[in-house]
Amino acid sequence: MPRSLIPLPGESVAGFILRLSHRLRVAPSNVTWRTGLTPHRFGSGFSPIRHLLMMEPTEASAFAHAARMSAADAERLTLLPYLRRCPPVSGALRRQPDGPPRARSVFPSWLLIGSTRYCPACLRGDGSVIQARHGGAWQLLWHLPVVFACLEHQVLLQDSCPACRHPASRHPEGRLKLVPSPTAAELHPVQCRNSGLSANIGRTFCGHRLDDSSSLTETRLSSELAVLQQKILDWLSPDTPAQTAFHNFADLLVMASIVNATWPHGAAATDLPHALSAAFDEHLAVQQRAAESVGGKPPHRSSRHPSLWSTEPRSSAATAALLAIAHAHLQHPVHRMRKTLITLLEHAPETADRRWGSTWGTLQLDASPLIRHEIDNAFRRRFPAQHPPGTSDQPDRTACVIPVRTRGYRAESIPQHIPDEWFTLVSNASRPKPLPRSPQATGLRRALAVQLVQAVTGMRMDEAARFLGVPAHWIGHFPAPLHPLRLIFQKDPYDLPGALEYLGEHIASLPEPIDHRQRRETFRSWNLTTTAWKRIRRSHPAPQWSSRPGAEGRENRLRECSSAVIWTYLTGSEWKLAPCFRPAQASAARTFTIPEKALVNELSDPPDGVIRTELAVLLRRTAEEILKSKLGHRQQLSVTT
């Protein structure tokens with residue numbers, strides 16, 4: 001197609017096809033066939049809506065070639081870039097171990113509502129010639145129910161056509177299409193494509209110009225809703241870490257289900273405008289009528305409406321109200337949010353009620369550890385004889401020994417290997433008898449690091465271990481590393497909870513906490529290079545083994561151990577997990593000999609702070625130089641008292 005178009009910023013593949021078909025004066029079905037999204041030239045021109053989620057590699061290549069754009073531009077017309085950011089998008093795509101994701105045939109809640117929201121001012125375009133002819137962009141994000149407002153024009157999105165009163169771009173046949181009424185060539189891209197049947201002339205189209213706002217009552221955004229919508233858009237932006245965005249979305253959707261199921265007990269969470277409150281009440285009334293219309297059976301026994309509380313509202317106003325209330329609950333301090341959850345769930349039905357839909361799967365698989373922990377605990381209080389959904393009926397052996405709450409430090413500030421000064425603090429703080437330092441010191445250090453992460457995140461023990469970078473074969477042996485901790489906790493006169501509380505307060509008071517997780521990521525594959533090792537050996541020539549049997553093996557051992565010691569300085573991790581000991585193809589860390597362990601101890605800082613070898617001094621100095629060059633400024637090597 002020599003007369004293609006340049007995609008507009010944020011445009012969806014459906015909107016691009018509408019504008020391109022209008023420019024070429026053909027039906028959208030003709031464009032989908034020419035670009036490879038419709039298999040047959042003649043017929044209904046049906047192109048499934050899965051192309052809005054993603055295109056298969058062959059489809060993407062054909063589409064990009066036909067539309068004269070790059071493969072990256074073609075991908076940006078779909079929701080695929082949000083795969084790792086938005087749980088509903090992730091749930092709609094089946095991940096494959098050795099290939100690209102594939103679209104599922106069933107879509108989860110909070111992904112598509114069977115129609116498209118829109119902003120009339122955006123559809124009018126920016127005044128350029130090309131947009132004056134073919135309209136502005138049908139935005140990709142308008143398809144996501146969590147997007148309820150246009151921040152550029154500070155209004156709620158419209159969700160229905162003012163002429164036919166039906167949802168815009170709806171799919172009445174039950175099959176979600178990429179473009180509604182794809183064979184209608186006479187419609188402008190911004191005209192309503194809703195169709196009906198006339199006794200005289202057959203199929204007709206509404207045709208109302210959706211960029212005309214003269215007959216609309218637009219709802220202006222409050223500052224609170226504008227902030228919330230901007231925050232949601234930020235989660236979809238690359239500026240927010242993907243995992244953080246994924247957890248934030250999951251937390252919001254789970255809390256929205258709880259609000260749906262327990263309303264109006266959460267009504268005092270936020271002061272909503274009357275229009276939004278009325279829209280939300282209407283949404284709940286529609287849900288209730290749908291539930292009561294199913295053969296007189298209780299809603300949770302119905303197979304037709306099993307997911308009432310996890311289903312998104314159709315209207316923008318109701319969506320804004322629901323998300324605002326859910327977000328307000330999540331923004332509370334942990335202690336207040338805990339009380340709110342307990343209060344709300346006192347009025348909630350059991351977790352087995354089918355009206356919860358996918359709520360508990362989202363909670364257990366996608367939500368943040370803190371929210372999962374708080375909701376699980378609230379349900380234990382509500383249903384003491386039951387266990388939270390998605391959990392085992394075995395006793396909880398992974399709980400933190402101190403309450404989970406905000407403590408003034410971040411989980412990222414906890415090193416994998418607890419420093420000696422921290423271990424001394426927590427040992428001395430355990431009154432009236434200090435914790436033993438040997439032979440259980442290694443297990444206790446690991447256990448304390450796990451507990452410190454759990455205390456601020458609510459993670460399970462295995463999650464906290466993975467967060468700290470503990471490899472899979474160690475996780476497989478849990479709870480072995482925590483076994484000494486439990487033994488000590490059960491014995492008098494050790495006060496482990498008090499000691500952990502004291503250590504947490506100490507960590508929170510440190511003036512310049514180190515992001516150890518970032519350090520582990522920065523130096524995850526770091527090894528001491530041959531050039532750097534030669535430079536160190538020139539500064540420290542002894543011991544020399546060149547004339548002794550096995551000299552090469554001893555030199556390699558010394559270099560490996562030196563590399564591991566420097567890496568522990570850089571990351572705050574255990575030397576056994578250093579990259580030099582864990583090649584990419586290895587499934588587990590190797591077994592270490594007694595000479596290797598003794599050599600590492602000799603090269604590391606001893607507990608008394610007196611470095612006994614010149615080589616140990618050089619290794620620490622080398623680590624300082626690496627930090628200065630890698631991170632741009634001098635940073636302390638370990639957390640000190």
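All of these numbers come straight from a predicted model, not from anything done at the bench.
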I'd like to know whether Arg520 forms a side chain to side chain contact (heavy atoms under 4.5 Å, CB included) with Gln416, so could you lay out the CA-CA distance, the side-chain angles of the two residues, the decisive distance to 0.1 Å, and finally the verdict.
CA-CA 9 Å; Arg520 289 193 296 270; Gln416 191 184 86; 4.1 Å; yes
Begin from the C-alpha positions of Phe63 and Leu37 and carry the test side chain to side chain contact (heavy atoms under 4.5 Å, CB included) through to its verdict.
CA-CA 7 Å; Phe63 182 89; Leu37 300 184; 3.8 Å; yes
Let's go through Gln158 and Leu216 carefully: what are the C-alpha distance in whole Å and the side-chain angles of both, what is the deciding distance for side chain to side chain contact (heavy atoms under 4.5 Å, CB included) to 0.1 Å, and is it a yes or a no?
CA-CA 9 Å; Gln158 297 294 322; Leu216 293 174; 3.7 Å; yes
Could you give me the CA-CA distance, side-chain angles and deciding distance for Leu53 and Leu111, then say whether side chain to side chain contact (heavy atoms under 4.5 Å, CB included) is met?
CA-CA 10 Å; Leu53 295 171; Leu111 179 63; 3.9 Å; yes
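Qualifying side-chain contact (heavy atoms from CB on, under 4.5 Å) partners for Ala279, counting only residues two or more places apart in sequence or in other chains: Ser315, Ala317, Ala318. Listed by chain and number, the residues in a side-chain contact (heavy atoms from CB on, under 4.5 Å) with Glu11 are Pro7, Leu8, Phe16, Arg19, Leu77, Ala137 (sequence neighbours excluded). Residues satisfying the side-chain contact (heavy atoms from CB on, under 4.5 Å) test with Ala60, not counting sequence neighbours, are Met55. In this structure, Arg23 has no side chain to side chain donor-acceptor pair (under 3.5 Å) partners at least two apart in sequence or on a different chain. With sequence neighbours excluded, no residue satisfies side chain to side chain donor-acceptor pair (under 3.5 Å) with Arg85. In this structure, the side-chain contact (heavy atoms from CB on, under 4.5 Å) partners of Ala168, at least two apart in sequence or on a different chain, are Tyr118, Leu210. Under the side chain to side chain donor-acceptor pair (under 3.5 Å) criterion, Asn248 pairs with no residue at all, not counting sequence neighbours. Shown here are the side chain to side chain donor-acceptor pair (under 3.5 Å) partners of Arg372, two or more places apart in sequence or in another chain: Glu463.
Rounded to the nearest 0.5 Å, atoms OG (Ser70) and CG (Asp73) are 3.0 Å apart. With rounding to the nearest 0.5 angstrom, the CD atom of Gln154 is 10.5 Å from the SG atom of Cys119. With values rounded to the nearest 0.5 angstrom, Trp142 atom CH2 is found 9.5 Å from Thr116 atom OG1. For the atom pair NE2 of His188 and CG of Leu123, the computed distance is 10.0 Å after rounding to the nearest 0.5 Å. In this structure, OG1 on Thr311 lies 8.5 Å from CG on Asn260, to the nearest 0.5 angstrom. Taking NE2 from His329 and CG from Asp251, the interatomic distance works out to 14.0 Å, rounded to the nearest 0.5 Å.
In terms of modelled atom types and a separation under 3.5 Å, the side chain of Ser222 and the main chain of Leu225 share a donor-acceptor contact. Thr362 places a side-chain N or O within donor-acceptor distance of the main-chain N or O of Ser358, the cut-off being under 3.5 Å. Proximity of a side-chain donor or acceptor of Ser90 to a complementary backbone N or O of Cys86 within less than 3.5 Å is not detected. Without hydrogens or angle criteria, Ser160 side chain to Pro167 main chain gives no donor-acceptor distance under 3.5 Å. With hydrogens and angles disregarded, no donor-acceptor distance shorter than 3.5 Å links the side chain of Trp567 to the backbone of Leu577. Remark: side-chain polar atoms of Glu312 are paired, donor with acceptor, to backbone N or O of Trp110 under 3.5 angstrom. Listed for the Ser316 side chain is a donor-acceptor partner under 3.5 Å among the backbone atoms of Leu157.
Residues Ser12 and Leu52 approach most closely at CB-CD1, 4.1 Å, considering heavy atoms.
A 4.5 Å side-chain heavy-atom check between Asp366 and Leu253 finds every atom pair outside the cut-off. You'll find the side chain of Asn30 stays beyond 4.5 Å of the side chain of Thr38, heavy atoms only.
A salt bridge links Glu59 to Arg50: at least one charged side-chain nitrogen sits closer than 4.0 Å to a carboxylate oxygen.
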Please list, one pair per line, the donor and acceptor atoms closer than 3.5 Å that link side chains of residues 231-244 to other protein atoms, with sequence neighbours excluded.
residue : atom : partner : partner atom : Å
Lys231  : NZ   : His327  : NE2          : 3.2
Asp234  : OD1  : Gln230  : NE2          : 2.9
Ser237  : OG   : Asp239  : N            : 3.2
Thr240  : OG1  : Asp234  : O            : 2.8

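Within 6.0 Å of the CD1 atom in Ile6, the count of heavy atoms belonging to other residues, nucleotides or ligands does not exceed 12.
Within the structure, salt bridge (Lys or Arg N to Asp or Glu O under 4.0 Å) pairs that include any residue of residues 151-168 do not occur (at least two apart or interchain). Counting only residues at least two apart or in different chains, side-chain hydrogen bond (donor to acceptor under 3.5 Å, both in side chains) contacts with residues 127-138 comprise His22-His134, Asp126-Ser128, Asp126-Gln131. Residue pairs meeting the salt bridge (Lys or Arg N to Asp or Glu O under 4.0 Å) criterion with at least one member in residues 210-227, sequence neighbours excluded, are Arg209-Asp211.
Ring centroids of Trp356 and Trp309 are separated by less than 6.0 Å, placing the two rings close together.
Checking Thr319 against Arg117 by side-chain atom types alone, a donor-acceptor pair falls below 3.5 Å.
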